[in-house]
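Taking it in order: structure first as structure tokens, then the write-up.
Here is how names work: the chains are called A, B, and so on, in the same order as the sequence lines, proteins then strands, and each is numbered from 1.
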Amino acid sequence: MFLFTDFLELIRKEINTEIPEVVPEDLTMGQDGYGDISARLIKYLINREDAGDACEKIMGRVKALEFVSEVSMTNNYLNVWIRPEHVFRALKESIDSTGMFPDVFQEPERISVEHTSTNPTGPLHIGRARNSVIGDSLARLKKRVGYRVTTQYYVNDSGKQMMSLYFGYEKFHKNEKPTIPMLLDGYIKTYRYFEETGSEKEVEELMERYERNDSDLISKVRFVAGIMLDGISADLATIGIKIDEYTWESEFIATGETGTVMERLSADLHEENGARYIDIPGLRKIYVQRRNGTSLYITRDIAYHMYKFSQYDHCTVVVGEDHREHGKIMKYIMNDLLEYTNTLSFVYYAYVNLETGKMSTRKGTSIPMISVYEKLKEKSMEELKKRYGDGADAKTAEKIAASSFRYHLLKFNPTKPVTFRWEDALDFNGDTAVSIMYSMVRASGILNKVSNEGAIPNMENFPESEKSLLLLAYIYPYKLMDAAKSDKPEIIANYAFMLSTAFTRFYEDVKISEQAPEIKNRQLETVKIFRTIIEDACNIIGIMKVDKL
RNA sequence: GGGCGCGUGGCCAAGCUUGGAUAUGGCAACAGCCUCCUAAGCUGUAGAUCAGGGGUUCAAAUCCCCUCGCGCCCGCCA
């Protein structure tokens with residue numbers, strides 16, 4: 001996966017000669033105020049008679065490592081101080097030779113990340129955008145650690161909501177040239193019409209025709225859905241998200257794949273009044289075919305996953321928390337019933353609420369992602385004008401808007417419900433994309449304005465602020481591995497903010513342009529290291545690079 | 001009713017997977033810092049019964065049980 005000098009492993013090897021049970025998780029770096037690296041040995045030492053002896057030996061061995069300057073043993077923790085020049089060199093060598101830290105090599109696994117997959121019944125709203133932001137960052141993260149990644153959007157064009165969209169167009173706007181606002185209007189009116197008439201019969205009929213593979217209807221529905229979908233893709237593009245593959249759910253009906261699903265599941269099928277279901281241990285009956293022989297959502301989703309498994313070794317799906325049970329069922333069906341060895345994982349997120357309550361496209365209470373983006377752009381432009389007057393750059397405002405939007409939705413643990421507040425979304429201070437971008441701009445400013453005078457860099461006298469920055473930069477590979485392993489892109493978002501803060505402290509602490517040439521040259525390299533890593537991390541979480549702020 | 005998720009300073013979060021040394025940040029508040037590589041920044045002060053109770057352990061924000069509060073799911077919908 002990664003190729004880099006692993007100081008933690010080198011220390012662990014020395015510890016293992018005395019305490020073989022110590023695992024990588026027992027060592028932490030730069031996480032607390034004790035040593036640069038700390039090894040938690042208490043649980044191995046507590047019942048050991050020769051603990052003192054073992055510690056003495058470990059300290060001697062670790063101290064002898066070339067990159068270690070000091071060791072101590074406090075409260076059964078081994079604290080190790082690192083010579084910053086070794087960290088500096090490890091970072092610099094990687095960046096000089098490969099342009100990145102850590103260096104990566106390609107993994108053989110092919111991974112699919114499915115995200116967004118919203119019914120194309122309206123523009124992307126901020127709730128769904130949370131899905132997109134998480135999914136896209138996850139895909140970028142998996143790519144960064146070496147996987148071959150494809151992003152996917154599963155277009156649900158065969159359910160009640162899609163039929164309602166089509167029905168709304170036919171009933172309220174027939175023969176007009178369809179546009180997104182018009183379709184949305186028809187959709188909202190349709191739901192009101194259902195409420196007034198107390199019947200959804202017309203749409204149910206359409207659903208049945210659709211299920212029966214009525215090609216004329218399918219092409220008409222697809223046409224209407226396609227207009228909405230183009231709008232969604234355009235919305236996604238404004239925040240830097242491109243989806244590699246769109247798969248239409250109706251395909252699986254048209255090609256007969258849902259029939260294949262029934263065949264493959266035949267050994268596990270039960271029948272009730274002509275409908276078919278499977279039993280999931282500890283759960284209710286899960287119906288996979290209606291009495292009238294048509295397929296259900298889960299049937300088509302199984303067909304979709306059979307397709308995905310034919311192309312990818314691992315599939316990750318980002319879905320709302322209301323799909324938790326569905327996810328569990330899918331895993332059981334794919335791995336236990338259909339006996340696939342491909343792996344399937346789900347990332348669940350809680351919905352975005354408004355202070356006034358829930359969002360709903362059909363009730364017209366959702367906030368479109370694009371309107372938040374526009375407001376962000378507007379506010380960025382105001383701020384830029386304060387600084388540059390007429391020289392304010394609209395492209396920069398767009399990048400600020402896209403980055404801020406993404407960061408705002410990504411930085412929190414997806415399991416926590418978030419309440420969208422305009423004042424928070426439009427804040428550019430503190431833990432925000434802008435302050436991270438600002439640190440990059442400052443780094444670039446230094447590199448552009450302060451020149452290297454050719455002296456041999458001094459490898460001593462690292463100020464604390466520089467050392468902290470280097471140590472934090474150095475733990476990037478661990479953060480990447482941690483985030484990729486646990487499907488948590490927010491770890492990278494939190495890290496990016498920490499790293500940018502460490503840089504800003506260094507920046508405030510040391511005036512690089514005024515340093516002696518041999519210090520200055522080293523510190524310019526430190527800035528370059530920071531810029532390389534922060535750009536790398538920002539690329540994963542979708543924060544864009546700007547020249548000026 | 002059953003299942004799942006969440007509960008950390010006034011507000012918003014990190015930490016929980018793998019129990020261990022002073023619970024980490026941001027916003028808001030207060031006090032400072034721009035003739036100096038961009039102050040959308042930095043420094044400092046104040047602010048926490050880690051929802052409550054019980055248990056396991058030498059050690060619990062972290063693991064287990066119970067209670068409370070909030071959210072989600074429990075369809076031949078998607």
* Determine whether any donor atom in the side chain of A:R387 lies under 3.5 Å from an acceptor atom in the base of B:rA40, or the reverse, and answer yes or no. => yes
* Any N/O donor-acceptor pair, A:N79 side-chain to B:rA21 base, under 3.5 Å -> yes
* Asked: Among B:rA14, B:rC77, B:rA40, which is the nearest nucleotide to the side chain of A:N494?
  -> B:rA14
* Could you check which of B:rC77, B:rC12, B:rG20 has an atom nearest any side-chain atom of A:I46? => B:rG20
* For B:rG9, which nucleotide is its Watson-Crick or G-U wobble mate, given both distances must be under 3.5 Å? -> none
* Ring centroids of A:Y77 and B:rA21 base under 5.5 Å with planes under 30° -> yes
* Remember a base hit wins even if backbone is also touched, and classify A:H326 as base, sugar-phosphate or nothing at under 4.0 Å, heavy atoms. => nothing
* **Exercise: do A:D157 and A:Y210 side chains pair donor with acceptor under 3.5 Å** => yes
* Taking CG from A:L283 and P from B:rG75, how many angstroms apart are they, rounded to a whole number? -> 11 Å
* For B:rU43, give its Watson-Crick or G-U wobble partner with both distances under 3.5 Å, or none. => B:rA31
* Pick base, sugar-phosphate or nothing for A:K520, based on heavy-atom distances below 4.0 Å to the nucleic acid. => nothing
* Structure fact -> From the candidates B:rC73, B:rC12, B:rU38, the one with an atom nearest any side-chain atom of A:F412 is B:rC12
* Asked: B:rC16 pairs with which nucleotide, Watson-Crick or G-U wobble, both distances below 3.5 Å?
  -> none
* Structure fact -> Against the side chain of A:F497, the closest entry in B:rC6, B:rG25, B:rC37 is B:rG25
* At under 4.0 Å between heavy atoms, what does A:K43 touch on the DNA or RNA strands: base, sugar-phosphate, or nothing? -> base
* Asked: Does any donor atom in the side chain of A:Y407 or A:D431 lie under 3.5 Å from an acceptor atom in the other side chain?
  -> yes
* To do: With the side chain of A:K416 defined as its heavy atoms from C-beta on, choose the nearest nucleotide among B:rG41, B:rU8, B:rG20.
  => B:rU8
* Any donor-acceptor N or O pair under 3.5 Å, side chains A:N353, A:T419 -> no
* **Upstream residue (5' side of RNA chain B) when A:A39 and A:G445 are each assigned their closest nucleotide** => A:A39
* To do: Scan side-chain atoms only and decide if A:Y304 and A:Q152 contain a donor-acceptor pair under the 3.5 Å cut-off.
  => yes
* Under the rule syn = chi within 90° of 0, otherwise anti, which is B:rC73? -> anti
* Asked: Checking all strands, does A:N75 fall into the base, sugar-phosphate, or nothing category for heavy-atom contacts under 4.0 angstrom?
  -> base
* Asked: Which nucleotide sits closest to the side chain of A:R505: B:rC76, B:rC42, B:rC73?
  -> B:rC42
* Asked: Whole-Å distance between B:rG15 P and A:K411 NZ?
  -> 14 Å
* Tell me what A:S513 touches on the nucleic acid: a base, only sugar-phosphate, or nothing, going by heavy atoms under 4.0 Å. => base
* Looking at A:Y277, does the NZ or CZ of A:R284 lie under 6.0 angstrom from its six-membered ring centre and within 45 degrees of the ring axis? -> no
* Counting Watson-Crick and G-U wobble pairs only, both distances under 3.5 Å, name the nucleotide matched with B:rU62, or none. => none
* Structure fact -> Between A:E321 and A:G274, whichever has its closest RNA chain B nucleotide further toward 5' is A:E321
* Donor-acceptor pair present, A:T432 side chain and B:rA40 base, under 3.5 Å -> no
* Asked: Roughly how many Å is it from CG in A:N273 to C1' in B:rG75, rounded to a whole number?
  -> 15 Å
* Using a heavy-atom cut-off of under 4.0 Å over every strand shown, decide if A:K511 touches base, sugar-phosphate, or nothing. => base
* **Side-chain H-bond candidate by donor/acceptor type, A:R505 with A:S465, under 3.5 Å** => no
* Is A:K479 positioned over the aromatic face of A:Y495, cation under 6.0 angstrom from the ring centre and no more than 45 degrees off axis? -> no
* Atom P, compared across B:rU56 and B:rC11: separation rounded to whole Å -> 34 Å
* Proximity to the side chain of A:N413 - top-ranked nucleotide from B:rA14, B:rA40, B:rC76 -> B:rA14
* Asked: Are A:R324 and B:rG3 close enough that a side-chain N or O sits under 4.0 Å from OP1 or OP2?
  -> no
